[in-house]
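Shown next, in structure tokens, is the structure this report addresses.
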Amino acid sequence: MRSEEFICPSCGRSDIIKTNRKIVRCKYCDTLLTVEYDPEDTKISKPKAPAQDFKGQKKQKLVSWILIGIICALLIYYYCFNSKTQAMNFSDSENATGTEASTNIYETGYVSKLSEIPEDTFNSFEDTALEAVSSIYLSTMDTIAMVGEPECIGVYLLCNKNDDTNMLYFAYHVTWGRTLKNGDVETVEAYPAFYFSNIMLMSDGSVQSDFKTWNENPSIVLGNSFVFGYNSKIDFYNKCISSRPDYKVKKKR
């Protein structure tokens, strides 16, 4: 025990004087006390200088250089990979603009423009509608025949504003005639219309649709027979086109 840490039990002071190794005296009340020997009273400890760890320093430097090498390698790899990717993208863009791809990929969905319908498909639609024109009559005892050739008066694409469904109308002007007993020919004009609905482009480039025939047209009396169609072009347009406010109308001709 150190003397400066000792407190006199008689007076409570800490003014202690060491007389020898085991006896101390209180300066205030002269009380003599015997204390145990404390090596710290006679020995002055000097701080030792820390030993230098040369092996640890070398190991730390080695780890630092390894980390620096890894970072440099990653930077070089990133630079080379990025340059190669840019070169490939540039090459792909040149191929896309310079030459046609060997495999065509088509977007699927409802047709919204007449230009989206392939030309051969549109011609097929037109042939189907024109073929239906020649059979759009119901004869009983009369001899009904078409006078002249049917005239196409309009092609209209109607696209629904709400669900993208569509209708493609082909409208015609047709003159029908029946031969009377005296040899005269009685004629009547009709404006039949046919339409394809739900026209969709498929992923393979084909077109899918539904076709509505003559049963959509009103009947017109001709003698003892019926022909089918609207009374005029205006009659057709009002009942088939302008009567559908939920559709956008695009006319081809």
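Basis for what follows: all heavy atoms, side chains included, without hydrogens, waters or symmetry-related copies. Everything numeric in this text was worked out from a predicted model, so none of it was measured.
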Among Tyr237, Tyr169, Phe170, which residue satisfies the ring pair (Phe, Tyr, Trp, His ring centres under 6.0 Å) criterion with Tyr156? Tyr237

Candidate list Phe194, Phe196, Phe211, test ring pair (Phe, Tyr, Trp, His ring centres under 6.0 Å), partner Phe125, passing option: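 Checked Phe194, Phe196, Phe211 against Phe125; only one passes ring pair (Phe, Tyr, Trp, His ring centres under 6.0 Å): Phe196.
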
Mind telling me whether Tyr191 and His173 have parallel, tilted or perpendicular rings, with 30° and 60° as the class edges? parallel

If we only count heavy atoms from C-beta on, is the Thr108 to Leu201 side-chain gap below 4.5 Å?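 They are not in contact (no side-chain heavy atoms under 4.5 Å apart), so the answer is no.
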
State whether a side-chain donor-acceptor pair under 3.5 Å links Asn198 with Asp210.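 Distance-only check passes for Asn198 and Asp210.
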
Does any N or O in the side chain of [X] come within less than 3.5 Å of the main-chain N or O of [Y], such that one atom is a donor and the other an acceptor?
X: Asp184; Y: Leu180; value: no
X: Asn166; Y: Ser197; value: no
X: Thr128; Y: Ser124; value: yes
X: Lys248; Y: Ser112; value: no

Is the count of non-hydrogen atoms from other residues, nucleotides or ligands lying under 6.0 Å from Lys161 atom NZ greater than 12?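 More than 12 heavy atoms, drawn from other residues, nucleotides or ligands, come within 6.0 Å of this atom.
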
As an exercise, state the distance from OH of Tyr195 to SG of Cys240, rounded to the nearest 0.5 Å. 8.5 Å

Passes side-chain contact (heavy atoms from CB on, under 4.5 Å), Phe228 versus Ile220? Steps please. CA-CA 6 Å; Phe228 296 90; Ile220 301 174; over 6 Å; no

